[in-house]
Amino acid sequence: MELIYNWILKLSFFAVLGSMILQMLPDHGFQKYVRFVLGLILTAMLVVPVLELLDKRTAFEEIYHNSVYKIQVSELEEKSQKVQEEILRIDGQNDENTSQNRRIEVEQIEIGKESE
């Protein structure tokens with residue numbers, strides 16, 4: 001029962017704090033971004049206790065901290081780097097080809113004033 005009480009207390013404190021932050025913002029256009037971030041935080045605050053009750057939070061943390069996950073992330077970063085290098089290489093070749101193709105040969109140029 002005390003866990004539920006503390007959870008509700010934290011949620012209400014966050015709601016009041018979020019309202020205060022929104023009231024202090026001078027620009028109304030900026031409020032939509034702050035509301036989005038506050039909504040994400042509130043969602044996380046709602047989901048974490050439910051996951052703890054279902055004992056799923058530790059499973060998500062294990063996946064995140066798992067060595068296989070870290071290896072996959074590093075492999076993806078390496079592949080991303082290789083793709084970026086390949087794109088830059090191809091882009092450099094295209095620049096050379098297009099600069100060669102842009103040459104225009106002019107045989108004769110006449111400059112003069114048209115008579116009226």
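Not measured: the values here are computed from a predicted model. Atoms considered below: every heavy atom in the structure, side chains included; atoms not considered: hydrogens, waters and symmetry mates. Nothing fancy with the numbering, it's 1 onward along the sequence.
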Identify every side-chain donor-acceptor pair in residues 33-41 under 3.5 Å, counting partners at least two apart or on other chains, and give the distances.
none

Review item, side-chain donor-acceptor pairs of residues 75-82, under 3.5 Å, at least two apart:
| unit_1 | atom_1 | unit_2 | atom_2 | d |
| --- | --- | --- | --- | --- |
| Q81 | NE2 | E85 | OE2 | 3.4 |

Show which side-chain atoms of residues 7-24 pair as donor or acceptor with protein atoms under 3.5 Å away, not counting sequence neighbours.
| unit_1 | atom_1 | unit_2 | atom_2 | d |
| --- | --- | --- | --- | --- |
| W7 | NE1 | M45 | O | 3.0 |
| S12 | OG | I8 | O | 3.1 |
| S12 | OG | L9 | O | 2.9 |
| S19 | OG | A15 | O | 3.0 |

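As a member of the Ile/Leu/Val/Met/Phe/Trp/Tyr network built from side-chain separations under 4.5 Å, V83 groups with I87.
With sequence neighbours excluded, the residues that form a salt bridge (charged side-chain N to carboxylate O under 4.0 Å, His left out) with E86 are R89.
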